[in-house]
Amino acid sequence: MATGLLSAACFLPSQNKEVNLKSSFYGKVLHNQSRLRREFYRTRGERAVIFSVLGRKVQKRETVIPEPDYRIPVVLLGLAGGLAYTNNLLPAAPVGLLGLLLLFQTTRVRFVFDNEALEVKVGEQLDDSGENVFVGGKNRWKYSTFVNWELWWPNFPVLVYFKETQTKPQGQVHFFPVIFNGKQLYDVMVERAGPSKTTGPKQS
């Protein structure tokens, strides 16, 4: 649950020119020059960049940032208020503090799904969140290292869990509270990290 508390490219303008470059493969230089062409297509009203290298096309996926969702902190704060109203101050204090923490984190923490990895960023400017203070390493994990993931519970997502082998070869588990739009989070996780065992959240 420690990680669950959310511890805190660019291209030159197109000039209709073909670019010649030399490529290396497993340390061996290929003597034949290949031509790299840039082609731009419209996808869902956004520009997607497609590279045509040696006749093979690879699409660069757009960056997705699920919207913040304040339901969990609001529920926790409401529960804390109810407990305090009934003079149950001992349980009300930790529940209220957790609600305030998640409320604060919801305003600043973002999951950023770029072309190759999931990264935790903070603030409106999407600043680097730095090293993970609990397990070490950067708060950025490549989709190719994901072993499995789950979303609990689909109709009212509370926790997202995933296990990756980038931090530790034997696998590192992460839990995060779902302080993001659950449907958007589920859809992008399925697209980038493969299907989950859980049923996807219903359309709200």
Side-chain angles (χ1 to χ4, degrees), residues 1-8 43-44 46 48 59-80 82 91 94-122 126 129 132-204:
M1 193 59 164
T3 308
L5 294 180
L6 296 176
S7 58
T43 303
R44 296 178 184 175
E46 302 244 340
Q59 184 171 359
K60 180 178 174 64
R61 294 174 292 195
E62 65 181 4
T63 297
V64 176
I65 306 173
E67 298 169 353
D69 189 329
Y70 293 88
R71 285 183 297 176
I72 293 178
V74 167
V75 167
L76 289 174
L77 290 172
L79 179 60
V95 172
L97 288 174
L98 180 59
L100 286 173
L101 173 62
L102 291 182
L103 182 65
F104 174 68
Q105 295 291 57
T106 304
T107 65
R108 62 189 292 271
V109 176
R110 298 291 179 266
F111 269 14
V112 178
F113 294 84
D114 62 25
N115 187 48
E116 63 177 10
L118 160 63
E119 184 170 0
V120 178
K121 295 195 173 186
V122 295
L126 298 179
S129 61
N132 190 300
V133 297
F134 298 105
V135 299
K138 191 175 180 181
N139 289 309
R140 176 181 172 84
W141 307 278
K142 291 187 176 181
Y143 310 126
S144 58
T145 67
F146 280 39
V147 176
N148 62 328
W149 69 277
E150 297 294 338
L151 188 68
W152 295 301
W153 286 265
N155 294 332
F156 188 88
V158 175
L159 283 175
V160 60
Y161 146 88
F162 64 89
K163 183 178 182 181
E164 45 81 17
T165 57
Q166 180 174 302
T167 306
K168 295 179 181 178
Q170 65 270 30
Q172 176 63 53
V173 171
H174 302 270
F175 289 92
F176 290 93
V178 180
I179 54 177
F180 319 100
N181 183 297
K183 180 68 168 60
Q184 295 174 357
L185 179 62
Y186 182 86
D187 288 346
V188 72
M189 287 288 285
V190 169
E191 179 197 353
R192 309 289 166 96
S196 164
K197 293 179 182 178
T198 55
T199 303
K202 294 179 180 179
Q203 189 80 35
S204 56

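Everything quoted here is computed from the prediction, not taken from an experiment.
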Relative to the ring of Phe162, is the ring of Phe146 parallel (under 30°), tilted (30 to 60°) or perpendicular (over 60°)?
-> parallel
How close do Pro66 and Val64 get, heavy atom to heavy atom, and via which atoms?
-> CD-O, 3.8 Å
For the atom pair OG1 (Thr165) and CD (Gln170), what is the distance rounded to the nearest 0.5 Å?
-> 10.0 Å
By side-chain hydrogen bond (donor to acceptor under 3.5 Å, both in side chains), Glu150 pairs with (sequence neighbours left out) Ser196
Flag side-chain contact, heavy atom, 4.5 Å: Trp141 against His174 = yes
On the 0 to 90° scale, with breaks at 30° and 60°, tag the Tyr161-Phe175 ring pair as parallel, tilted or perpendicular.
-> tilted
What pairs of residues pass the salt bridge (charged side-chain N to carboxylate O under 4.0 Å, His left out) test when at least one of them lies in residues 159-173, not counting sequence neighbours?
-> none
Minimum side-chain heavy-atom gap Val188-Gln184 below 4.5 Å | no
Can you check whether Val120's main-chain N or O pairs, donor with acceptor, with Ser129's side chain at less than 3.5 Å?
-> yes
From CE (Met189) to OH (Tyr143), nearest 0.5 Å = 9.0 Å
For the atom pair CD (Gln166) and CD (Gln172), what is the distance rounded to the nearest 0.5 Å?
-> 11.5 Å
Side chains of residues 71-78: which donor-acceptor partners sit under 3.5 Å, not counting sequence neighbours?
unit_1	atom_1	unit_2	atom_2	d
Arg71	NE	Asp69	OD1	3.3
Arg71	NE	Asp69	OD2	3.1
Arg71	NH2	Asp69	OD2	3.1

Neighbour count above 12 (heavy atom, 6.0 Å) for Lys121 NZ = yes
Any chance you could measure Lys142, atom NZ, to Asn115, atom CG, to the nearest 0.5 Å?
-> 11.0 Å
From Tyr70 atom OH to Ile179 atom CD1, the distance as rounded to the nearest 0.5 Å = 9.0 Å
Heavy-atom closest pair (Phe180 atom, Val109 atom, distance to 0.1 Å) is CE2-O, 3.5 Å
Are any side-chain N or O atoms of Trp149 and backbone N or O atoms of Gly194, one a donor and one an acceptor, separated by less than 3.5 Å?
-> yes
So CG of Asp114 and CD1 of Ile65: to nearest 0.5 Å the spacing works out to 10.0 Å
Pairwise side-chain contact, Pro68 with Arg110, heavy-atom cut-off 4.5 Å (strictly under) | yes
Are side-chain heavy atoms of Leu185 and Phe113 found at a separation under 4.5 Å?
-> yes
